[in-house]
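As structure tokens, the structure follows; a few thoughts come after it.
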Amino acid sequence: MSSVIELDDVWYGYDREKPVLNGVSLQIRQGEFVAVIGGNGSGKTTLAKHCNGLYKPSKGSVKVNGCDTKTMSTAELARTVAYCYQNPDHQIFHSTIAAEVSFGPKNMGWPAEKIEQAVNEALEAVGLGGMGEAEPYFSSKGTRQKIAVASILAMKPQVIVLDEPTTGLDYRGMLEMMELVRRLHAAGHTIIVITHDMRLVAEYAERVLVMHRGSLVCDGDPQSVFAAPDILASAQVEAPAVYRFGEAAGMKGPLPLTLQQMTQKIAGGGQWR
Amino acid sequence: MIQEPLLQLQEVHWHYEDSPTPALTDVSLCLYPGEVVGVVGPAAAGKTTLLLALAGLIPANYAGQFAGKRQAQGQQGVVFQDPETQFIGLTIEEELAFSLENVGCSDEQIEQRITEVLQLVGLPGFADRSPFELSGGEKQRVAIASALTNGPQALLLDEPTSELDPLGAREVFALLQRLKQESQMTIVVSSHATEELAAFCDRLVLLAKGQIVLNLPVRDFFAQTDVLDQHGIFVPDVIRLYQLLCREGVLAETAGPLPLTVEELAARYREAQLVREGSV
């Protein structure tokens, strides 16, 4: 698979003594579902913001579809890699949902028909079809979060970066949000999620990048990250409850990450005991 | 021993002015001294309103129709979702001095009390800092300190971690856990974080559409998975796992209470394993 984002020895920071990123290299391939985890101040958000050129490296290079972000305009980048903020209110500023969602496409100079179609499709995709005339500010946090996603979806980005997309949502809101992300992934979008939620990582991510003090300290599947206590501690997280139980119970073989996997393992045969 | 409730709502109805539907319907709830009670419910279930009613801020400070009765002993400290909405001082000292000045404490008493509450929330030496330069978790701990200055018998917290990152949330829950152990205070906390609530509440209340659906000791509460599912409440994986292990005959439900943490579940599992090995 071709890489859509390529970081080569990326350094970033104002202070030479304390760089926010120190020499990060990685490739993200088309269609991957990547989780980025790490403690506060680990550089995970800075890393993610390099992927769409919101930040440009002090040293090293970031390439999107083979082009250096330093040579691309923000508008060009936004079309390829969209960034969805943790707090939807940081990006919502219009009085109707349709106006909000059409902002990006309008800026891209699309004809009116194409904009309308893109807006309708985006609203449909996030489960807000027919809600275009409602006011964003009077809707629930879960709905505002979906509006924020719709407004980046309307631009049909190849890659979607979501910064803590489930924070502040109730359980139903969280499930709806993650099912939406799963559908976007299935539709071919490359997904990068910054999160602290290891249950979410276990359930959805194929690959986990662990940041610590500006460095990429681990790059592997969820299984390998959960099996590394030092890495988890550096990211200030715990493995999900199902995994920890598997460890505590002394299960044999690869430990299940999710309830569904555990159910299969237990129901599938007594060997694990 | 039958205790007198510290806080009590009896058949409370509340309808905010301009709202099409009532926010609380026939809510009766008793809180006893030293109890830690969690309030869960989907978004817009009335959790904030319930806490405001417990604090007496509804009906006192809000427009609407109130029916029913509230009884309270002592004072209540209230902590809101977003700590910044309640900050008024430029330094943490000013922030904390505010309510003490209002009740006419001397400067010495104020200083001493501020030192005490900052110690209590694990922020000693923070008096001269600005509340706005702190991390989310620290801000919320200052808000808790501020709710504690007048020595309330009950601390009421409305989703105190929902605006925080997970580390800040952990800080706040660790503090609440410590307050539970070190003080005799009644603590009521609304939250979506059922895993954390399971680990530290004595009792939980499920609120939906302004009505109390469940009000049970923590283990009995989480045994009601069908009701919780029906209302979209997250049932911690430990409880799901336990049920799975019981269904598959690995654990026996009769062997003990519902486990609430991975450690409790693993201990039950090891016990069952010993029994199995012993019987072979």
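Every heavy atom of this structure was used, including side-chain atoms; hydrogens, water molecules and symmetry mates were not. Just so we're on the same page: letters track the sequence lines, and every chain starts at 1.
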Short question: side chain of Ser146(B), backbone of Val142(B) - any donor-acceptor pair under 3.5 Å? no

Gln261(A) (side chain) donor-acceptor with Leu257(A) (main chain) under 3.5 angstrom: yes

Worked check of salt bridge (charged side-chain N to carboxylate O under 4.0 Å, His left out) between Arg244(A) and Asp237(B): CA-CA 11 Å; Arg244(A) 283 186 285 132; Asp237(B) 282 342; over 6 Å; no

Would you mind reporting whether Leu228(B) and Phe222(B) have side-chain heavy atoms less than 4.5 Å apart? yes

Report yes or no: does Gln140(B) contribute a side-chain atom to a donor-acceptor pair with the main-chain N or O of Pro160(B) at less than 3.5 Å? yes

Assert top hit (heavy-atom pairs under 4.5 Å, partner chain B, pool Arg172(A), Glu164(A), Glu247(A)) equals Arg172(A)

Return the NZ to OH distance between Lys49(A) and Tyr12(A), rounded to the nearest 0.5 Å. 9.5 Å

Heavy-atom nearest pair, Tyr83(A) first then Asn52(A), reads CB-ND2, 3.4 Å

Do the side-chain N and O atoms of Thr225(B) and Gln243(B) include a donor-acceptor pair separated by under 3.5 angstrom? yes

For chain A, which residues of residues 256-268 of chain B have heavy atoms nearer than 4.5 angstrom: Val262(B), Glu263(B), Leu265(B), Ala266(B)

Just by modelled atom types, is the Ala125(A) backbone N or O under 3.5 Å from a matching donor or acceptor in the Arg183(A) side chain? yes

Locate the shortest heavy-atom distance separating Gly46(B) from Leu24(B); write the atom from each residue and the value. O-CD2, 4.0 Å

Criterion side chain to side chain contact (heavy atoms under 4.5 Å, CB included) on Leu162(A) and Ile191(A), from CA distance to verdict: CA-CA 8 Å; Leu162(A) 300 123; Ile191(A) 306 286; 3.9 Å; yes

Would you indicate whether Glu179(A), at its atom CD, is surrounded by more than 12 heavy atoms from other residues, nucleotides or ligands within a distance under 6.0 Å? yes

Main chain of His94(A), side chain of Glu100(A): is a donor-acceptor contact present, judged purely on distance under 3.5 Å? yes

For a side chain to side chain contact (heavy atoms under 4.5 Å, CB included) with Arg203(B), tell me which candidate from Val36(B), Asn215(B), Val218(B) qualifies. Asn215(B)

Bottom line for Leu244(B): the part with an atom under 4.5 Å from chain A's heavy atoms is side chain

Contact residues of residues 167-181 of chain B (partner chain A; heavy-atom separation under 4.5 angstrom): Leu167(B), Arg170(B)

Interface residues of residues 205-213 of chain B facing chain A - heavy atom cut-off under 4.5 Å: none

In Å, rounded to the nearest 0.5 Å, how long is the span from CD of Gln264(A) to CG of Leu259(A)? 11.5 Å

Suppose a student defines contact as a heavy atom less than 4.5 Å from any heavy atom of chain B. Which residues in residues 200-239 of chain A would they list? Gln236(A), Val237(A)

Donor-acceptor contact below 3.5 Å, side chain Lys44(A) vs main chain Gly38(A): yes

Please identify, among Gln81(B), His231(B), Glu195(B), the residue contributing the most non-hydrogen atom pairs under 4.5 Å to chain A. His231(B)

Verify side chain to side chain donor-acceptor pair (under 3.5 Å) between Thr194(B) and Tyr171(A), making sure each step is shown before the conclusion. CA-CA 10 Å; Thr194(B) 38; Tyr171(A) 182 55; over 6 Å; no

Could you walk me through whether Leu123(B) and Glu138(B) satisfy the side chain to side chain contact (heavy atoms under 4.5 Å, CB included) test, starting with their C-alpha distance in whole Å, then the side-chain angles of each, then the deciding distance to 0.1 Å, before giving a yes or no? CA-CA 8 Å; Leu123(B) 297 173; Glu138(B) 287 167 346; 4.1 Å; yes

